[in-house]
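All remarks here apply to the structure that follows.
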Amino acid sequence: HKLIYYRKVVYLAKKYSPNAKSIIDIGSFHTPYLHRFGWIPEKVSLDKRPGNLKGVRVIQADFIKWKPDKVYDVVLCLQVLEHLENPRHFVQKLLKCGHFIIISVPYLWTSSMYHRHIHDPIDEKKLQKWIGRPWDEAVIVKEKNGVERLIVVLKNPKDKSNISN
């Protein structure tokens, strides 16, 4: 709960969608940071693993097989892509699920830093290849222990909503 990048994600969500009514966190492992988005009334967590968060609708599903019930105002995908065999396919589905998409990945972690990461090191070029288009904003956040994360914000190019107003 003390991670700096969580604070930056909340800041970016507020900056890009201060009038958001819904948020979904994909691959969240049901962490309670969704409660930090107090201005957003509908909070949803989607993960393969079962979970229970007070005030959050939990969906236990494989994101790739899941059929979205709506287009969410904000979609979060934090520290997930580095674990996936095909992150590009995953990102392309993320882009269809929301008006604003916020993605974070470990930034330039060596392949030995965490054994469950498939794609380390990840830099802007690798993430750009997965996304397939420019992002609206990118930020590199450095934690107190020196670990860095790359956070990007993407506005759905087909989106005509006014949630950012």
Side-chain angles (χ1 to χ4, degrees), residues 3-13 15-17 20 22-31 33-34 36-37 43-51 56 58-143 145-159:
L3 294 174
I4 296 168
Y5 95 95
Y6 281 151
R7 290 194 300 257
K8 190 56 140 180
V9 168
V10 172
Y11 166 81
L12 291 167
K15 175 181 175 180
Y16 282 92
S17 53
S22 62
I23 186 169
I24 186 167
D25 185 24
I26 308 298
S28 64
F29 195 44
H30 313 296
T31 54
Y33 66 81
L34 276 173
R36 294 182 182 195
F37 301 85
K43 296 170 183 65
V44 180
S45 171
L46 186 145
D47 199 282
K48 287 181 179 180
R49 298 159 286 196
V56 175
V58 175
I59 300 171
Q60 184 180 353
D62 179 332
F63 176 66
I64 293 298
K65 295 176 183 174
W66 176 67
K67 295 197 183 336
D69 53 345
K70 65 190 274 178
V71 175
Y72 290 83
D73 293 330
V74 179
V75 175
L76 302 178
C77 184
L78 310 177
Q79 304 303 117
V80 173
L81 299 180
E82 63 275 10
H83 298 275
L84 305 174
E85 289 291 334
N86 188 347
R88 182 168 170 73
H89 180 65
F90 197 90
V91 169
Q92 297 315 303
K93 184 166 182 179
L94 283 174
L95 294 173
K96 296 174 185 173
C97 292
H99 300 296
F100 287 93
I101 297 89
I102 301 175
I103 297 171
S104 76
V105 293
Y107 184 65
L108 297 177
W109 291 21
T110 64
S111 58
S112 63
M113 281 181 73
Y114 189 66
H115 69 282
R116 293 189 177 163
H117 290 180
I118 298 171
H119 299 284
D120 288 340
I122 301 170
D123 60 8
E124 294 91 343
K125 187 176 179 180
K126 188 180 280 189
L127 183 57
Q128 183 72 58
K129 184 177 177 183
W130 295 341
I131 294 172
R133 69 174 185 84
W135 42 66
D136 294 277
E137 185 169 348
V139 179
I140 297 169
V141 175
K142 188 172 191 172
E143 299 295 339
N145 65 0
V147 169
E148 293 180 303
R149 291 178 175 85
L150 173 60
I151 305 170
V152 298
V153 179
L154 301 122
K155 185 177 190 309
N156 187 324
K158 298 177 183 176
D159 184 45

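Basis for what follows: all heavy atoms, side chains included, without hydrogens, waters or symmetry-related copies.
Remark: Lys48 NZ to Ile64 CD1 distance equals 9.0 Å, nearest 0.5 Å. With rounding to the nearest 0.5 Å, the separation of CD1 in Ile101 from CD1 in Ile103 is 7.5 Å. Atom CG in Leu95 sits 7.0 Å away from atom CD1 in Ile131 (nearest 0.5 Å). Here the straight-line distance linking atom OG of Ser17 with atom NE2 of His99 works out to 9.5 Å at 0.5 Å rounding. Rounding to the nearest 0.5 Å gives a distance of 11.5 Å between CD1 of Ile59 and CG of Asp25. Residue Asn156 holds its CG atom at 10.5 Å from NZ of Lys96, rounded to the nearest 0.5 Å.
Under the rule for a side-chain contact (heavy atoms from CB on, under 4.5 Å), the partners of Val80 that lie at least two apart in sequence or sit in another chain are Cys77, Leu84, Phe90. Glu137 pairs by the side chain to side chain donor-acceptor pair (under 3.5 Å) definition with Lys15, Tyr16, not counting sequence neighbours.
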Practice task
List the steps and the verdict of side-chain contact (heavy atoms from CB on, under 4.5 Å) for Ser45 and Tyr33.
Solution key: CA-CA 10 Å; Ser45 171; Tyr33 66 81; over 6 Å; no
Practice task
Kindly indicate, with the supporting measurements, whether the criterion side-chain contact (heavy atoms from CB on, under 4.5 Å) is fulfilled by Ile151 and Tyr5.
Solution key: CA-CA 8 Å; Ile151 305 170; Tyr5 95 95; 4.0 Å; yes
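Side-chain contact check for Asp47 versus Gln60: every heavy-atom pair is 4.5 Å or farther apart. Asp73 has its side chain out of reach of Ile23: every pair of non-hydrogen atoms, C-beta onward, lies at least 4.5 Å apart. In this structure, Ile24 and Leu76 have side chains that are not in contact, with every pair of non-hydrogen atoms separated by 4.5 Å or more. In this structure, Val10 and Phe37 have side chains that are in contact, with non-hydrogen atoms separated by less than 4.5 Å. Here the side chains of Leu127 and Trp135 are in contact, with some heavy-atom distance below 4.5 Å. A 4.5 Å side-chain heavy-atom check between Lys142 and Arg149 finds every atom pair outside the cut-off. Here the side chains of Tyr107 and Val141 are not in contact, with every heavy-atom distance at 4.5 Å or above. Between Phe63 and Lys93 the shortest side-chain heavy-atom distance falls below 4.5 Å.
Pairing each heavy atom of Leu46 with each of Ala61, the nearest pair is CD2-O, 3.6 Å. Considering every non-hydrogen atom in both Ile140 and Glu148, the closest pair reads CG2-OE2, 3.8 Å. Smallest separation of non-hydrogen atoms from Glu82 and Ile122: CB-CD1, 3.6 Å. Across all non-hydrogen atoms, the minimal contact from Glu143 to Ile4 is OE1-N, 2.7 Å. Here the shortest heavy-atom pairing between Ala138 and Val152 reads CB-CG1, 3.9 Å. The two atoms that bring Pro134 and Gln128 nearest to each other are N-NE2, 3.3 Å, heavy atoms only.
Applying the 6.0 Å contact sphere to NZ of Lys129 captures no more than 12 heavy atoms from other residues, nucleotides or ligands.
Using a 4.0 Å cut-off between a side-chain N of Lys or Arg and a carboxylate O of Asp or Glu, Asp123 and Lys125 do not qualify as a salt bridge.
Lys126 contributes a side-chain N or O that, together with a main-chain N or O of Pro121, makes up a donor-acceptor pair within less than 3.5 Å. Listed for the Ser104 side chain is a donor-acceptor partner under 3.5 Å among the backbone atoms of Gln79.
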